[in-house]
Amino acid sequence: MDATAAAKLLDHYQATARDLPWRRGERDPYRTWLSEVMLQQTTVATVTPRFRRFLERWPTVEALAAAKDEDILGEWAGLGYYARARNLIACARAVAERGSFPETESELRKLPGLGAYTAAAVAAIAFGEDAVPVDTNVERVVARVFGLANRADVPAAAKAWFPTGRHGDFAQALMDLGASLCRPKKPECGRCPLEADCRAAALGKPEAFPAPKVKKERPHRHGVAWWIRRGDEVWLVRRPAEGLLGGMAALPGGEWDEAPAMVNALAIHRHGFTHFTLDLHVVPRVEPPPGEGWWQPLGELDRAGLPTLYRRAVEAALKSEREPRLAD
DNA sequence: TACACGTGGTC
DNA sequence: TGACCAAGTGT
């Protein structure tokens, strides 16, 4: 692939790029890092308002490092993949401790939550290094342009194609193209600046590149969440720091099992995780179980920082209390 | 390498 | 409506 195609893509990007809030702070490693972590496996539409809120509340990495864990986890609630938030906290404190962000890909890579993609993205975008960030968009666009069915062949092809001195812009141009025209399904090759340079388009089968991943079956599980009221309050707990929804606020309850729960539930909320689905049976109970927890006013549930599973389960329970006949 | 790890949007 | 998918990382 020649430099002309790369130049065409950069021109197209310059002409069409959206005014995303983190683009204005591209040379600010804090803003670049924060946006890249939030964008891991999460859409631009979801991230945009959350990024603004984070930046308003914690304008610098020092401010974020000084914040309480529960405040940061609460602000992350609903964004998913909560290990990202736990790593965000650890990373902010490591950076504040050393005084500033490291400025090379290899040093960035050592920080918690910065894997191969994010370290390369921050190095390229914030520090102008010729690092090669390969996310799912870059992978797909490069696989199509070069006609690579095998994803393992993509990084080398990408590295050869990225124009020297423009890696940050080029990565964003590829990601933007992947999100807009070069989509997984029904790509708009007719509007793509790279159509004439694209092997997959020439073959007439852009969707065949890269080869689809093999999908796995999702098991179904059941669990119990206790619904414990005291006046206009409900008993909440904090989940263990590790594992699923680690460190997040929650309704108390036991382990999730594959066996159906034989209990009389106030509500049953079905929730889909990445690797299994869950029927959470919300069951009334009088006394809190042993252990730490707190009474959360029902009028201040938004401030509890509940992940979506529990936010929806609480909504279902409240609805069922209001309209017992309509309860499932 | 393969799996755990959330959620919301799209078709 | 269920499958697919998203600016991936850690183990």
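Lettering follows sequence order; numbering is per chain, from 1.
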*Asks:* Can you confirm whether A:N264 is buried at CG, in the sense that more than 12 heavy atoms of other residues, nucleotides or ligands lie under 6.0 Å from that atom?
*Replies:* no
*Asks:* How many angstroms lie between CG in A:L64 and CH2 in A:W33, if you round to the nearest 0.5 Å?
*Replies:* 5.0 Å
*Asks:* Which part of the nucleic acid, if any, lies within reach of A:W76 when heavy atoms closer than 4.0 Å are counted: base, sugar-phosphate only, or nothing?
*Replies:* nothing
*Asks:* Expressed in whole Å, how much space separates the C1' atoms belonging to B:dT1 and C:dT11?
*Replies:* 11 Å
*Asks:* Please find the earliest and latest nucleotides of DNA chain C, in the 5' to 3' direction, that have an atom within less than 4.0 Å of any heavy atom of chain A.
*Replies:* C:dC4 to C:dG10
*Asks:* With the threshold set at under 4.0 Å for non-hydrogen atoms, list the residues of residues 170-186 of chain A touching DNA chain B in residue-number order.
*Replies:* none
*Asks:* So A:L20, base contact, sugar-phosphate only, or nothing? Heavy-atom distance under 4.0 Å.
*Replies:* base
*Asks:* When rounded to the nearest 0.5 angstrom, what is the spacing between CD in A:Q172 and CD in A:Q14?
*Replies:* 12.0 Å
*Asks:* Please tabulate, for side-chain N and O atoms in residues 47-55 of chain A, each donor-acceptor pair with protein atoms closer than 3.5 Å (sequence neighbours left out).
*Replies:*
| residue | atom | partner | partner atom | Å |
| --- | --- | --- | --- | --- |
| A:T48 | OG1 | A:V44 | O | 2.7 |
| A:R50 | NH1 | A:E75 | O | 2.9 |
| A:R50 | NH1 | A:A77 | O | 3.3 |
| A:R50 | NH2 | A:A77 | O | 2.7 |

*Asks:* Run the salt-bridge test on A:R86 and A:E242 with the 4.0 Å N-O cut-off and return the result as yes or no.
*Replies:* no
*Asks:* Quick test of your reading of the model: are A:K319 and A:E323 salt-bridged, counting only N-O distances below 4.0 Å?
*Replies:* yes
*Asks:* Where along residues 117-133 of chain A does a heavy atom come under 4.0 Å from DNA chain C, residue by residue in number order?
*Replies:* A:Y117, A:T118
*Asks:* Think A:R285 forms a cation-pi with A:W226, using NZ or CZ under 6.0 Å from the six-ring centre and within 45 degrees of its axis?
*Replies:* yes
*Asks:* Quick check: are there more than 12 heavy atoms from other residues, nucleotides or ligands sitting under 6.0 Å from CD of A:E292?
*Replies:* no
*Asks:* Answer yes or no: does atom CZ of A:R23 have more than 12 heavy-atom neighbours from other residues, nucleotides or ligands under 6.0 Å?
*Replies:* yes
*Asks:* If you take all heavy atoms of A:A92 and A:A65, which pair is closest and at what distance?
*Replies:* O-CB, 3.5 Å
*Asks:* Ring of A:W161, cation from A:R199 - is the NZ or CZ under 6.0 Å from the centre and inside 45° of the axis?
*Replies:* no
*Asks:* By the 4.0 Å heavy-atom rule, please label A:R218 as base, sugar-phosphate, or nothing.
*Replies:* nothing
*Asks:* Please produce a list of atom pairs where a protein N or O lies less than 3.5 Å from an N or O of nucleotides 2-4 of chain B.
*Replies:*
none

*Asks:* Looking for any heavy atom pair under 4.0 Å, which part of the strands does A:R312 touch: base, sugar-phosphate only, or nothing?
*Replies:* sugar-phosphate
*Asks:* Tell me yes or no: between the side chains of A:R140 and A:N137, is some donor less than 3.5 Å from an acceptor?
*Replies:* yes
*Asks:* Quick check for you: to the nearest 0.5 Å, what is the distance between A:T308 atom OG1 and A:H271 atom NE2?
*Replies:* 6.0 Å
*Asks:* Does any residue of residues 41-49 of chain A have a heavy atom under 4.0 Å from DNA chain B, and if so, which ones, in number order?
*Replies:* A:Q41, A:T42
*Asks:* Which atoms form the tightest heavy-atom contact between A:A149 and A:F209, and what is the distance?
*Replies:* N-CD2, 3.7 Å
